[in-house]
Every structure is written in structure tokens, then in C-alpha cells.
Amino acid sequence: GAERKIVTSLHLDPESLERTITARNEKYDVIRKKETRYSVINPDADIIIVAYGTIARIVRSIIDEHNAEKEGFSLGLFCPLTLFPFPETELYNISKGKKAVFTVEMSSGQMVEDVRLAVLTNAPVKFWGRNGGIVPSAEEISAQAKKIWEAVK
């Protein structure tokens, strides 16, 4: 005999729905301005590698050991610390004048679309990833970066 309570998030009234959407968009704008986080190593590099988590740590070691004079090109890292909001403006600005932006992931490319949208036409965006929990080695990532350099130099 308890009274039925129905919980719903539907806004069937168009004006009410518009107010809700507007309020959420304003909230997201504040989040984008205050909560977007990223780190950059060697932002003036020829190729910027975009990676996060485990892959970013591997890329940091590659950059530390990479001999730009010997290899003929330099590597940098753009590491988004927040995937939402994605640091699109910052990546756009860093990608200007680069030979390539190289996205490395332990997936089939869930982040690469965000990277493409951020970079736009500043530089070609390349992707390489491993699946199934396989962690790419520093040697594999370096070899892929070298292939990209050979294609874009």
C-alpha cells in the first residue's frame, strides 16, 4: 500500500529542457576553464607524441634517451591529464608547425579522434596502438616514431 514514486530525468517541456541544457553547458564551460590539465615535455620538438598513463611514462623515457642529433629529429610529449575536458586548445597551439602528431595508446584509438579534432590541419596525426593489455615497449614506439619521421621529413 505504499505510494508509488516515479523518478525521471525527462524534461518534456521544451523551455525546461532548454534551461537545463544551457545550465549544463555553462557548467561545462567553467570545468573546461578551471579543470583542464596536461603536461608537456619538449614542446618545440619535430614530432609530438600524445599519450597518457603508462604509455606517457614510457614516452618520457624515450625522450630522455632519444638522441635528436643522431636520429635527425626531436621528440616531445603532450600528456593530457584530463581526458574530459580534453586539452584541445593547448594541443592545437602546440601542434602548430610540427612535422607530425603521433598518438600512442593501449587501445584501438579511443583518444586519437580527440587529437585529430584538436590538431585540425596543423600537422598530420598518426596513430599506433596495442590491444589486449599488451604494453608497447620503448623500442616499438621509437621504431614507429622513426617511420613517421621518414614519411614526413
Side-chain angles (χ1 to χ4, degrees), residues 7-11 17 20-153:
V7 177
T8 180
S9 63
L10 293 177
H11 295 270
L17 178 58
T20 300
I21 291 171
T22 299
R24 286 185 185 151
N25 284 335
E26 289 169 357
K27 181 179 177 180
Y28 292 152
D29 287 342
V30 169
I31 291 170
R32 278 185 196 92
K33 289 175 187 166
K34 293 185 175 184
E35 302 299 327
T36 302
R37 303 283 185 263
Y38 66 97
S39 67
V40 181
I41 297 172
N42 198 17
D44 296 326
D46 298 310
I47 296 174
I48 295 293
I49 300 175
V50 181
Y52 64 93
T54 301
I55 301 299
R57 288 187 285 282
I58 295 168
V59 171
R60 282 187 194 119
S61 72
I62 292 169
I63 291 170
D64 289 343
E65 296 174 13
H66 182 79
N67 186 332
E69 288 182 14
K70 179 182 169 195
E71 297 291 337
F73 66 99
S74 57
L75 294 172
L77 170 65
F78 184 90
C79 178
L81 303 175
T82 55
L83 296 178
F84 180 83
F86 190 79
E88 57 197 26
T89 302
E90 296 80 2
L91 181 55
Y92 174 82
N93 290 332
I94 287 170
S95 68
K96 290 178 184 175
K98 302 300 178 232
K99 292 290 188 176
V101 174
F102 177 30
T103 304
V104 181
E105 299 181 55
M106 285 176 49
S107 67
S108 298
Q110 281 74 0
M111 182 179 60
V112 71
E113 293 306 318
D114 292 318
V115 172
R116 285 185 181 123
L117 288 171
V119 171
L120 297 173
T121 59
N122 284 345
V125 175
K126 306 296 182 182
F127 168 78
W128 185 73
R130 299 295 306 262
N131 291 294
I134 296 173
V135 179
S137 70
E139 294 77 19
E140 289 175 307
I141 297 170
S142 293
Q144 292 299 319
K146 192 177 242 182
K147 285 181 187 178
I148 291 169
W149 175 250
E150 292 300 323
V152 299
K153 68 176 179 178

By side-chain contact (heavy atoms from CB on, under 4.5 Å) - contacts of Tyr92 (at least two apart): Lys96, Leu120, Asn122
Gap between atom CD1 of Ile47 and atom CG of Leu77 - 0.5 Å precision: 13.5 Å
Using a 4.5 Å cut-off on heavy atoms from C-beta on, say whether the side chain of Leu75 contacts that of Phe102. no
Please report the closest heavy-atom contact between Ile94 and Pro43, naming both atoms and the distance. CG2-O, 4.3 Å
Least distance between heavy atoms, Ile58 atom then Ser137 atom: CG2-C, 4.3 Å
Can you sort out the partners of Ser108 under side chain to side chain donor-acceptor pair (under 3.5 Å), two or more places apart, ordered by chain and number? Asn131
Those residues at least two apart in sequence (or on a different chain) that pass salt bridge (charged side-chain N to carboxylate O under 4.0 Å, His left out) with Arg57 are none
Identify, with sequence neighbours excluded, every residue that meets side-chain contact (heavy atoms from CB on, under 4.5 Å) alongside Asp64. none
Scan residues 115-139 for pairs that pass salt bridge (charged side-chain N to carboxylate O under 4.0 Å, His left out), counting only residues two or more places apart or in two chains. Glu113-Arg116, Arg130-Glu140
Any side-chain heavy atom of Glu35 within less than 4.5 Å of one from Thr82? no
For Thr103, side-chain contact (heavy atoms from CB on, under 4.5 Å) partners two or more places apart: Val50, Glu105, Met111, Val112, Val115, Val125, Phe127
What are the two closest non-hydrogen atoms of Ile62 and Ala138, and how far apart are they? CD1-O, 3.6 Å
Where is the tightest heavy-atom contact between Tyr52 and Pro80, given as atom of each residue plus distance? CB-O, 3.7 Å
Phe73 backbone acceptor or donor facing His66 side chain under 3.5 Å: yes
Considering non-hydrogen atoms only, spot the tightest contact between Tyr38 and Glu90 and give its length. CE2-CG, 3.1 Å
What I'd like to find out is whether the side chain of Pro136 reaches to under 4.5 Å of the side chain of Ile55, using heavy atoms alone. yes
Asp29: salt bridge (charged side-chain N to carboxylate O under 4.0 Å, His left out) partners, not counting sequence neighbours: Arg32
Can you list the residues that meet the side chain to side chain donor-acceptor pair (under 3.5 Å) rule with Gln110, with sequence neighbours excluded? Ser107
Across all chains, not counting sequence neighbours, the salt bridge (charged side-chain N to carboxylate O under 4.0 Å, His left out) partners of Arg37 are none
Which heavy atom of Ala56 sits nearest a heavy atom of Ala51, and at what distance? CB-O, 3.7 Å
What do the steps show when you test Glu88 against Leu117 for side chain to side chain contact (heavy atoms under 4.5 Å, CB included), and what is the final call? CA-CA 8 Å; Glu88 57 197 26; Leu117 288 171; over 6 Å; no
To the nearest 0.5 Å, what is the distance between NZ on Lys33 and OG1 on Thr89? 11.0 Å
Output the distance between atom NZ (Lys98) and atom CG (Asp44), rounded to the nearest 0.5 Å. 5.5 Å
Sequence-distant partners of Ser74, side-chain contact (heavy atoms from CB on, under 4.5 Å), two or more places apart: Asn42, Ala45, Asp46, Ala68
Can you list, pair by pair, the side-chain donor-acceptor contacts under 3.5 Å of residues 144-153, counting residues two or more places apart and other chains?
unit_1: Lys146; atom_1: NZ; unit_2: Glu71; atom_2: OE1; d: 3.0
unit_1: Glu150; atom_1: OE1; unit_2: Lys153; atom_2: NZ; d: 3.3

